[in-house]
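Scroll down for the structure; my scribbles are underneath it.
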Amino acid sequence: MSTLHTVNKSPFQNQTLISCLGHAKAGDSVLMIEDGVYGAMSGNAMSEVVAGLGANIKLFVLGADVAARGIDAGRVAEGVTSVNYEEFVGMAASCDRVQNWL
Amino acid sequence: MSTLHTVNKSPFQNQTLISCLGHAKAGDSVLMIEDGVYGAMSGNAMSEVVAGLGANIKLFVLGADVAARGIDAGRVAEGVTSVNYEEFVGMAASCDRVQNWL
Amino acid sequence: MSDVKKFLYVNRKAPYGTIYAQEALEVVLIGAAFDQDVAMAFLDDGVFQLTKGQDTKEAGLKNFSPTFRALGDYEVTKLYVEQESLDERGLTLDDLQDIQYEDEDDDYEEKPSIIVVSRAAMADVMADQDVVLSF
Amino acid sequence: MSDVKKFLYVNRKAPYGTIYAQEALEVVLIGAAFDQDVAMAFLDDGVFQLTKGQDTKEAGLKNFSPTFRALGDYEVTKLYVEQESLDERGLTLDDLQDIQYEDEDDDYEEKPSIIVVSRAAMADVMADQDVVLSF
Amino acid sequence: MKFGIVVSEGPYTHQASDSAYNFVKAALATGHEVSRVFFYHDGVNVGTRLSIPPQDDRQIQEQWTALAKEHELDLVICIAAAQRRGLLDQNEADRQGKDANNIAEGFRISGLGQLIEMGIQADRTITFGD
Amino acid sequence: MKFGIVVSEGPYTHQASDSAYNFVKAALATGHEVSRVFFYHDGVNVGTRLSIPPQDDRQIQEQWTALAKEHELDLVICIAAAQRRGLLDQNEADRQGKDANNIAEGFRISGLGQLIEMGIQADRTITFGD
């Protein structure tokens, strides 16, 4: 029994990613989309917070939204897996429910 | 030469109030409106941060938006002045410019 | 899967600045007719939706907060409110509306609809749903 | 007051998730025809607007980032970017587009439009304006 | 697997309707079913036929209308949210005494019950919003 | 003193248009002038005459139309933002080959230059948005 969570807000501007990670359970997946993809970058003021809160959670980022924002793939933090829309669909199908953090 | 700043976001959800207070200059006025009025409450996790950053700034809150949200007038932090729309207009007129933090 | 699904309406936003709280209530009221297992969750700024004494007259807005007290009539009786979210905002149960329902299985006794839960318990509630709708 | 006003366009939001960055640029381009003293400020998530290498094809969005490089042709040559906002986001000037203008007062020499300033200096820029439009 | 999709924000202003469109296309391309797309809050504005986006930008309403035609998608606009925001079909315009309608081909207006019904019938319900 | 007002969000969805309305009323009541109200981004949706808000709620478009009539306010809807979002007057509908228009009485559609002009002419420019 696991949940796929999506987050679409920048963690520099908005508390939503922090709240999501604080409620996700061990083994859940969190997918960062839209402006949420900034939460997947390494080497910034939020990186350690995200890595710490996400330690027991599987972290993903939508590659299309990473590319749109000019984030080099090499800047995506270690431990975050980049997926495309087909894989997003597959994740939604294989979890038990989807919770969208807006 | 002073600026009237307005902030309309909850500081619990969004970094805008912090950014505004970090850019306002000594003697400027910051008026909290709409969901921004939560930044004017005492006795919570943000109160000290706001009081600290706002030490040299005049803090105001729109009474109509405080009442709408069920915040008792006694819960507005010390040092924050409640104003009505006519006073808001007067403040906008007597400053040199208005900057709206959205 | 049984015919009854567990629906959770998640409220994380303050009222009035945006319409999400109000339009979430409209969904909940309509959804009540479908005989599903329904609950609402209030966390983060969503806890501000439940404050008592909301007076929107001077702001010129529609005060929808009385609707929360009508939820019991629609058999929406589980309003989970997160303790940590209250604490961070300096709120206690006393600051919230007294929302009750009549328990038809217990001689129509009036019981509180608000259930204050820890963040960990809120995570358990969320993980126990079939459908999560977020506002 | 002189006939020329100082206009500052303040950009605090990331691109693409919302339209504000794109529609701010549309205002700046139209405003350039009015012969005012114009500058743009990029702080908080607004610095993300200027990153190079934006590729919106797979997301199915319109890539408006090349417009920033055209600003010089419209005599919009002052793009203030806040150092602390870059630092917090792990960005350096190298991550941003190279935006230049031809200085007609200096034999059309190409000069950088981006001016990286401290938060204190950004506050000074803001306090020196007649009109501040926020996006 | 059957997906139900909620779109909660208007076109262009937020990326939500683009993300939903990409998700629905990918779901259909990988053999899944999309039982309904429900437009709520400002999402109702996706369904206006009066928008004229710049020619070099994506045409969001036309994308949805074409996708609905190709895959017989059920694009439902919430009537309560639509009334607040001025999105009408001819039936609603007649009923409310309005002199025009603005709904686009491929969309239909119906009640919030359709959202709950979608949640009951779909295997997964996913919201794209703000 | 002359105020110029920008409204950047749509009605009901955000409080911005309500706050702007209250500010404008208060400015007029205290002897100030409001040189123009400029509707940008989703703010253009304030000017649709097709909205049908619940009867027990405020009627935002009608409030603006009445205030404009009483005080000869200049309510300007940005044409570029309006085209994206499907807000048209008859002139625009004719020009773009659309079969309907939805603009309300008291509003007019014009270019972004009107925003800059307002900034130049007003003593203070204030934005209500999100």
Side-chain angles (χ1 to χ4, degrees), chain B residues 6-18 20 31-52 60-90 100-102, chain C residues 10-25 41-69 79 81-99 114 119 122 134-135:
Chain B
T6 69
V7 175
N8 72 341
K9 298 284 184 307
S10 163
F12 299 101
Q13 193 81 311
N14 189 289
Q15 293 298 311
T16 299
L17 177 59
I18 301 296
C20 169
L31 172 61
M32 295 170 262
I33 68 171
E34 300 175 1
D35 288 349
V37 301
Y38 296 116
M41 290 177 73
S42 62
N44 61 52
M46 292 302 301
S47 307
E48 276 190 40
V49 178
V50 173
F60 299 88
V61 69
L62 192 61
D65 285 335
V66 169
R69 285 155 184 83
I71 304 171
D72 189 90
R75 297 289 280 273
V76 171
E78 218 179 316
V80 178
T81 305
S82 184
V83 298
N84 61 25
Y85 269 103
E86 281 74 17
E87 292 165 316
F88 179 5
V89 170
N100 308 102
W101 294 74
L102 305 176
Chain C
V10 176
N11 294 275
R12 295 184 51 254
K13 291 174 187 153
Y16 302 115
T18 54
I19 202 171
Y20 305 104
Q22 184 181 348
E23 291 194 328
L25 270 176
F42 297 86
L43 63 154
D44 297 339
D45 277 356
V47 300
F48 283 132
Q49 295 179 23
L50 299 173
T51 56
K52 62 185 173 194
Q54 296 179 14
D55 177 358
T56 59
K57 189 147 178 279
E58 197 187 336
L61 307 169
K62 178 177 166 179
N63 184 351
F64 60 88
S65 67
T67 308
F68 287 110
R69 292 201 302 275
L79 277 55
V81 176
E82 187 176 280
Q83 183 72 59
E84 285 86 342
S85 297
L86 290 174
D87 293 345
E88 287 159 10
R89 289 158 185 79
L91 297 176
T92 68
L93 200 50
D94 268 355
D95 295 310
L96 307 187
Q97 292 196 76
D98 186 16
I99 302 171
I114 290 181
R119 184 160 294 163
M122 182 64 88
S134 299
F135 296 94

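Every heavy atom of this structure was used, including side-chain atoms; hydrogens, water molecules and symmetry mates were not. By convention in this document, chain letters (A, B, ...) are assigned in the order of the sequence lines, proteins followed by strands, and residues within each chain are numbered from 1.
Here the closest heavy-atom approach between residue B:Phe60 and residue B:Val80 is recorded as C-CG1, 3.9 Å. Minimum heavy-atom separation, C:Ile99 to C:Phe68: CG2-O, 3.4 Å. The two atoms that bring B:Val37 and B:Leu62 nearest to each other are CG1-O, 4.1 Å, heavy atoms only. In this structure, C:Pro15 and C:Ala21 approach most closely via the heavy-atom pair CA-CB, 4.2 Å.
Screening C:Leu96, C:Val81, C:Ile114, C:Val10 against C:Phe42 for a side chain to side chain contact (heavy atoms under 4.5 Å, CB included) leaves a single residue, C:Val81.
Chain C forms the most heavy-atom pairs under 4.5 Å with one residue out of B:Gly36, B:Gly63, B:Ala67, and that residue is B:Ala67.
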Considering only heavy-atom distances, could you tabulate the donor-acceptor pairs under 3.5 Å between chain C and chain B?
unit_1  : atom_1 : unit_2  : atom_2 : d
C:Arg12 : O      : B:Gln13 : NE2    : 3.2
C:Gly17 : N      : B:Asp35 : OD1    : 3.2
C:Asp45 : OD1    : B:Ser10 : OG     : 3.4
C:Asp45 : OD2    : B:Ser10 : OG     : 2.5
C:Thr51 : OG1    : B:Arg69 : O      : 2.9
C:Asp55 : N      : B:Ala67 : O      : 2.8
C:Asp55 : O      : B:Ala68 : N      : 3.1
C:Glu88 : O      : B:Ala45 : N      : 2.8
C:Gly90 : O      : B:Arg75 : NH2    : 2.6
C:Asp95 : OD1    : B:Arg75 : NH1    : 3.0

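Atom-to-atom distance recorded for B:Phe12:CZ and C:Phe48:CZ is 5.0 Å, nearest 0.5 angstrom.
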